[in-house]
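Okay, so here's the structure we're looking at.
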Number of protein chains: 2
Amino acid sequence: MLTLYYAPNTASLAPHIALEQAGADYRLERVDFEAAQQRSPDYLAVNPKGRVPSLVTDRGVLTETPAILLYLAQRYPGADMAPLDDPFELARVQAFNVFLCSTVHVAHAHKHRGTRWVAATDTAALEAMTRNVPQTMTAAFELIERTMIGEPWACGEQFGIADMYLFTMTRWLASDKVELARFPKVAAHCERMASVPAVQRVMPHHPPRD
Amino acid sequence: MLTLYYAPNTASLAPHIALEQAGADYRLERVDFEAAQQRSPDYLAVNPKGRVPSLVTDRGVLTETPAILLYLAQRYPGADMAPLDDPFELARVQAFNVFLCSTVHVAHAHKHRGTRWVAATDTAALEAMTRNVPQTMTAAFELIERTMIGEPWACGEQFGIADMYLFTMTRWLASDKVELARFPKVAAHCERMASVPAVQRVMPHHPPRD
């Protein structure tokens, strides 16, 4: 039995889809961001980083979305969620996911989470960060559209963990004031994802948030 | 034959060590950051992100340090640079490296690369970002010291790709005005790394930079 600590419509949507796609035996634990539960002593005992997702396994806790996704792909090879037997193709999937994590997620986080990088008293800096998010998210998705995304899925023929993570971040564009229609391939991917049964089953847990 | 596009003392130090440790047949291509060569059309044709490292393989170009490191570990299994047969342990290694990439590297980049997130005209915001780097780097390394680092190596018994990447970022602390001595386990790890033959062989290519 696995336990996924999650918050709605955060990065934890991606491993949630993977668990469902894999047919894993899992349960959800919602972390209440409005109550800052991610900073509570109980949650910090699970994940000292105070972030979601965390995946509790029989051997310990895993963190960091790209790592959790790779773990689920390897733990459930029958679900065929990554090219496990091809190191080059697997590295391309990992490169996709690491870009989403370290560039796209970080760009998005400058909207409301600027105090990760400047003092809370630097209000002008925080405002400048928030103001620039549409530009940085646009630049990142232009790169995805122009140089990264495959067809029909993010990395080509095989549906898998990069699709789940890309879909998660694509859903953030509207609240970041970026028009999805600017990126026709990403938009088509998002629509395709919305028709995947595993995605449909988890979406009730992930209403949009700002 | 592999080609590593690198710049001295950047994240590309980590795959450089891995190539050397693996005994790979590779050559180096230095990207001249002072001349903004990473933004040149020639380099953007290799890596549209305009970043290093890039690893050119016989099947195509790989980017993103954690993905390149995993690829090298898988391509050279005899070098034993990652727990390839244990998905849980491998996920722990990947989680370590993704944290370095998306939290530590990003914190460090706010010193000189703030225009990734705010406009170049937002000088007060850029100054606020630079000013805060010692705090964010300290917080990240406190987390590593307290909750992540193993002994004798980053993930425990096995020397490997997380060590190479951690060592790379540890070397940035001095220019970020953070005292390494505050983190005794990280400091001991850094010293241990400096005695690894593969590390010693690559260091002449990586003089410190600000």
Which of the residues [options] is involved in the greatest number of heavy-atom pairs with chain B at under 4.5 angstrom?
{"options": "A:Ala95, A:Cys101, A:Ala107", "result": "A:Ala95"}
{"options": "A:Gly60, A:Ala124, A:Gly114, A:Ala73", "result": "A:Gly60"}
{"options": "A:Pro66, A:Ala139, A:Ala119, A:Ala91", "result": "A:Ala91"}

- Which atom of B:Leu143 lies closest to which atom of A:Pro48, heavy atoms considered: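 Reported closest heavy-atom pair: CD1-O, 3.6 Å.
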
- Which heavy atom in B:Ala128 sits nearest to a heavy atom in A:Ala125, and how many Å separate them?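 In this case the closest contact between B:Ala128 and A:Ala125 is CB-CB, 3.7 Å.
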
- Select, from B:Val61, B:Leu70, B:Val106, the one with the greatest count of heavy-atom pairs under 4.5 Å involving chain A.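 Heavy-atom pairs under 4.5 Å are most numerous for B:Val106.
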
Show the pairs of one donor and one acceptor atom, one from chain B and one from chain A, lying under 3.5 Å apart.
unit_1, atom_1, unit_2, atom_2, d
B:Arg59, NH1, A:Asp86, OD1, 2.9
B:Arg59, NH1, A:Asp86, OD2, 3.3
B:Arg59, NH2, A:Asp86, OD2, 2.9
B:Asp86, OD1, A:Arg59, NH1, 2.9
B:Asp86, OD2, A:Arg59, NH1, 3.4
B:Asp86, OD2, A:Arg59, NH2, 2.9
B:His110, NE2, A:His110, NE2, 2.9
B:Trp117, O, A:Asn132, ND2, 2.9
B:Asp122, OD1, A:Arg131, NH2, 3.0
B:Asp122, OD2, A:Arg131, NH2, 3.4
B:Arg131, NH2, A:Asp122, OD1, 3.0
B:Arg131, NH2, A:Asp122, OD2, 3.4
B:Asn132, ND2, A:Trp117, O, 2.8

